[in-house]
Every structure is written in C-alpha cells, then in structure tokens.
Enquirer: 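After the structure tokens below, expect a handful of questions from me.
Residue numbers start from 1 in every chain, and the chains themselves are labelled A, B, ... in the order their sequence lines are given, proteins ahead of strands.
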There are 2 protein chains.
Amino acid sequence: MNEPAPRRGRGRPAVLTRERIVAAAIEILDAEGLDALTMRRLGTRLGVAAMSLYRHLPNRDAVLAAAVDHLFAEAVIDLDAATPWPEALARFADSYRRMLLGHPHAVPLLATHPVDIDLGLELLAGLLDRFEAAGIPRQAALTAIQSVAVYVLGHALAQVGTPPGTRPAAEGDAAAVAFYDQWFEAGLRAMVAGFERELGQGH
Amino acid sequence: MNEPAPRRGRGRPAVLTRERIVAAAIEILDAEGLDALTMRRLGTRLGVAAMSLYRHLPNRDAVLAAAVDHLFAEAVIDLDAATPWPEALARFADSYRRMLLGHPHAVPLLATHPVDIDLGLELLAGLLDRFEAAGIPRQAALTAIQSVAVYVLGHALAQVGTPPGTRPAAEGDAAAVAFYDQWFEAGLRAMVAGFERELGQGH
DNA sequence: CTATTTTGTGTACGACGTAAGCTTACAACG
DNA sequence: CGTTGTAAGCTTACGTCGTACACAAAATAG
C-alpha cells in the first residue's frame with residue numbers, strides 16, 4: 001500500500017522519503033521527547049505540511065514503529081566467530097543498553113512497540129550462531145537472548161524513567177550513572193551465569 | 001495541596017474521592033485500554049463532569065500515577081519468616097507477574113511511571129527482611145530484587161505488547177501462554193540461581 | 001499540448017487536557 | 001430563621017492533536 005513501487009519518472013518528484021521522515025522523527029525524539037513528536041512538528045522540520053507525511057506512512061503510529069526498527073538496528077554488533085556465547089550475550093546486552101541510553105526519550109517507545117519480529121531475528125542472527133556453535137538448541141538460545149533483552153530494556157526503563165532528582169543520586173549525575181552501571185552489571189552477570197550453568201558453557 | 005485537610009462538615013459534600021477516581025480509572029484501563037482513559041470518560045463513568053476531577057487530582061498524569069501505586073500494591077505478598085530469600089524472591093516475581101498479566105493494558109503504564117520510591121520500599125520490606133536474615137547487605141539485596149523486578153516488567157511488556165496473532169502462537173491462546181510461561185520461568189530461574197551463587201544462599 | 005500519475009496542500013472535524021469563573025449545597029453563626 | 005463562608009462540582013472556552021477529504025502542482029508519456 002505505502003511506498004509500493006518507486007516506479008520512477010512519473011508524477012511529481014518526491015521531496016519526502018520514508019528514511020528522511022524516520023530520521024527527522026528520531027531527531028525530534030532525542031531533542032524534545034515523545035510528546036513533541038507530532039505530525040505537524042515533524043512536517044515543519046521537513047519543510048512540509050503535516051498531511052504530506054501521510055503519503056509515506058499511514059499514521060503516527062507507523063512513524064513510531066519505523067523509528068523503533070531503525071533504532072534497534074543501531075544495537076547490532078558483529079561477533080567474531082570465536083566468541084563463546086556467554087561473552088557474546090553480554091556484549092549484545094551492552095550494545096543494546098548503549099543504544100537505549102543514547103536515546104533516552106525513545107526508551108518508552110521501544111518498551112511499548114515491539115520490534116518487528118523478523119527484523120529482530122535477522123539482527124540477532126550472529127548472536128544465535130554463537131549458541132548454535134555450542135550445540136545449544138535454538139529454542140533455548142532464544143529464551144536466553146530474549147530474557148537478557150527484556151532485562152536490559154526493563155533496566156533502561158528504570159534508569160531513564162527516574163527523574164535524576166530523585167532518591168539514589170546524592171550528587172549530580174556521575175553518582176547516579178555509577179549506581180545504574182553497577183546494578184546493570186550485577187543483574188546481567190547473574191542472569192548470564194545462571195544460563196551458563198543451565199546450558200553448559202559451550203563446546 | 002490536593003486533598004489537604006478533610007475538614008469535614010463545611011462546604012458542599014463530596015461525591016468524589018481520590019479512591020473512587022482511581023478505582024474507576026483502573027476499571028476503564030482494564031476494560032478499554034490506556035487511550036480510553038480520558039478525563040471526560042472518567043468523569044462520565046463517575047457521573048460527574050470532567051473538570052470536577054481536578055478538585056481531587058492535579059492532572060491526568062496524577063491519575064495515572066495514582067493508578068500505578070494502587071496496582072503495585074496488589075502485588076505484595078506476605079512471607080513466612082522461615083522462607084529463604086531465593087524462594088521469597090521467586091514468589092515476589094510470580095506475584096508481580098500475576099498482577100501485571102491481570103491488568104495487561106496497565107503494563108505500559110507501570111513501565112513508564114515508576115512506582116513511588118518510598119511506597120515501593122515499604123511494600124518490599126518483607127522481602128528485604130528475608131535477605132537481611134541471611135546476612136546479605138541491603139545494597140546487594142536491593143540490586144537483586146530490582147533486577148528481578150525489572151526482568152518481570154520487561155517480560156510482561158513483551159507478552160502483552162505482542163498482539164496474540166503474531167508469531168509464536170501457532171494455536172489460540174493456550175500455546176502462547178505456555179510459551180511465555182516457560183520463557184518466564186527459565187529467565188527467572190537463571191537470574192535467581194545467578195544471584196544465589198554470588199550471594200551465598202543464606203547460611 | 002494534453003492526459004496521466006504521483007506528491008504535496010488547505011481546510012475542517014471531533015476529541016483531548018485543562019484554565020477561569022460560576023453555581024450549588026452544605027455547616028456555622030447570628 | 002436568614003445570612004455567610006466554603007468546599008465541590010459545572011460550564012464554557014482555548015489551543016493542540018490526529019487525520020479524512022478534496023484539491024493543486026509537478027513531473028513524464030503520448
């Protein structure tokens with residue numbers, strides 16, 4: 001339906017692209033937050049009327065979903081084929097977390113709009129391979145990966161959802177960041193160690 | 001500021017209460033979802049004009065925050081003083097998850113609006129005691145508890161955020177429910193086992 | 001030049017959150 | 001009893017949102 005065949009040539013030339021729209025959406029998100037990401041603002045930023053966006057995406061929610069997919073792609077890592085799965089899993093967690101903290105206003109979005117499932121599997125293929133190489137059944141591998149992913153997302157939600165004025169940050173940001181870093185590491189270590197014990201640590 | 005002193009007697013008698021409002025909000029949430037929870041609808045359901053609600057709560061967000069606190073209180077458990085902490089932790093996770101799945105439309109809300117911190121600590125006091133009884137430092141206990149809480153929330157987000165038509169549910173709901181149950185158990189077991197190994201399982 | 005096709009625009013509608021000022025229904029006091 | 005004070009609820013109104021619909025503009029194909 002949308003963006004069907006780019007049958008080039010005919011018709012008024014497009015000043016808008018799905019990609020340009022998504023990029024602008026993420027910029028607004030990062031700069032001003034989710035509430036500021038309105039169709040009108042997005043249009044203004046692209047030098048276009050709000051309604052023009054609807055030629056490329058069916059509604060606001062589709063803009064958000066596209067932004068989610070784009071952001072998730074930022075979290076991919078490439079893994080040396082020699083990396084054992086527990087380390088690969090931890091590296092994925094770090095990378096995912098880094099992406100989330102790099103776009104704090106987008107975290108509630110990622111939490112609410114699950115990434116497209118096929119895209120997700122594609123992006124995680126390299127990680128899945130590390131499990132397969134250790135002879136771990138695909139289902140068990142997916143469980144471990146998803147459990148970690150879910151932990152990382154939940155943790156990021158807690159971190160960005162707590163206005164930095166509140167409790168645990170006695171002083172400035174540095175202390176709060178350290179607090180969350182340590183917490184993150186501890187939970188991640190526990191979970192990975194638990195799976196390691198259950199699945200055998202490879203080869 | 002709001003609901004200051006219920007200096008009874010004077011003035012027009014109140015047909016509205018904070019509690020009645022919060023209860024109605026949760027009913028709407030459960031029945032029709034977050035988007036349906038508007039001030040006008042909430043007013044209608046209580047037989048009152050939308051603006052009347054503002055006598056009791058400063059704005060819509062306060063309604064949501066109050067609903068969050070109320071829901072979280074549903075998840076408390078009381079623990080036998082003999083329960084070892086790993087079991088207590090797992091029971092908390094189950095209880096928390098049960099509450100979340102009992103209010104699927106509220107899950108994104110819980111994800112976005114962190115529960116009031118003092119209320120949270122109060123509700124978790126019993127659980128914290130189980131760690132203290134095993135001689136585990138408070139900070140380590142909090143890390144473990146919060147890690148589990150964050151995992152549970154993330155998992156619930158994944159479960160309720162995936163429209164049941166999509167991938168893993170080959171048949172109906174039962175299969176999907178079983179899928180998520182098994183995943184949940186596996187991740188939880190891994191994390192609790194990991195903390196057990198790290199903290200010692202309590203003399 | 002005309003027809004066709006695609007993209008962007010203008011206008012309009014209904015719903016939202018909520019600010020401001022008004023009305024209503026009580027208790028207290030004379 | 002009437003008057004007054006006060007808290008609760010109501011009416012109206014404003015600005016903003018997403019988006020349906022009909023139209024204008026800008027290119028190519030014949």
Enquirer: For B:Ile26 versus B:His70, what's the shortest heavy-atom pair and its separation?
Expert: CD1-CD2, 3.5 Å
Enquirer: Can you identify which nucleotide, out of D:dA8, D:dA26, D:dC10, has its nearest atom closest to the B:Val48 side chain?
Expert: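 Nearest listed nucleotide: D:dC10.
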Enquirer: If you check every side-chain atom of B:Tyr54, which of D:dG9, C:dG17, D:dT6 has the closest atom?
Expert: C:dG17
Enquirer: What nucleotide among D:dC10, C:dA25, C:dA12 has an atom nearest to a side-chain atom of B:Met51?
Expert: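 In terms of side-chain proximity for B:Met51, the closest of D:dC10, C:dA25, C:dA12 is D:dC10.
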Enquirer: Determine the interplanar angle of the B:Tyr96 and B:Phe92 rings, folded into 0 to 90°, and report it as parallel if under 30°, tilted if 30 to 60°, perpendicular if over 60°.
Expert: parallel
Enquirer: Within the structure, does a side-chain N or O atom of B:Ser52 lie under 4.0 Å from either OP1 or OP2 of D:dA8?
Expert: no
Enquirer: Identify the heavy atoms of B:Thr112 and A:Pro108 that sit nearest to each other, and give their distance.
Expert: OG1-CB, 4.5 Å
Enquirer: Given 3.5 Å as the limit, does a donor-acceptor pair link the side chain of A:Ser95 with the main chain of A:Ala75, or not?
Expert: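 Yes, the answer is positive, given that a donor and an acceptor are paired below the 3.5 Å cut-off.
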Enquirer: Output the rounded distance in Å from CG (A:Asn59) to P (D:dC21).
Expert: 15 Å
Enquirer: Using a distance-only criterion (donor-acceptor N/O pair, under 3.5 Å, no hydrogens), is the base of D:dG9 paired with the side chain of B:Arg55?
Expert: yes
Enquirer: Between atom CG in B:Leu42 and atom P in D:dC10, what is the gap in whole Å?
Expert: 13 Å
Enquirer: Grab the CZ-C1' distance between B:Arg41 and C:dG17 for me, whole Å please.
Expert: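 Taking atom C1' of C:dG17 as the reference, CZ of B:Arg41 is at 15 Å.
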Enquirer: Measuring to OP1 and OP2 of D:dG18, would you say a side-chain N or O of A:Arg60 lies under 4.0 angstrom away?
Expert: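 Checking A:Arg60 against D:dG18: at least one side-chain N or O falls below 4.0 Å of OP1 or OP2.
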Enquirer: Rounded to whole angstrom units, what separation is found between the CZ atom of A:Arg18 and the C1' atom of C:dT6?
Expert: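 Nearest whole value for this atom pair: 18 Å.
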Enquirer: D:dA7 phosphate, OP1 or OP2: any side-chain N/O from B:His56 under 4.0 angstrom?
Expert: no
Enquirer: How long is the line joining CG of B:Leu16 and P of D:dC10, in whole Å?
Expert: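 In whole Å, D:dC10 P lies 8 Å from B:Leu16 CG.
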Enquirer: Roughly how many Å is it from CZ in A:Arg12 to P in D:dC23, rounded to a whole number?
Expert: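 Whole-Å distance recorded here is 17 Å.
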Enquirer: Round to the nearest Å and state the distance from B:Ile28 atom CD1 to C:dC16 atom C1'.
Expert: 14 Å
Enquirer: Heavy atoms only, 4.0 Å cut-off, all strands: where does B:Ala49 land among base, sugar-phosphate and nothing?
Expert: base
Enquirer: Pairs in or reaching into residues 25-34 of chain B: which pass side chain to side chain donor-acceptor pair (under 3.5 Å), with residues at least two apart or in two chains?
Expert: B:Glu27-B:Arg45, B:Asp30-B:His103, B:Glu32-B:Arg41
Enquirer: Output the rounded distance in Å from CG (A:Asp35) to P (D:dC17).
Expert: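 Roughly 10 Å, once rounded to whole Å.
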Enquirer: Here's a test of your reading of the structure: between A:Val15 and B:Pro13, which maps to the more 5' nucleotide of DNA chain C?
Expert: A:Val15
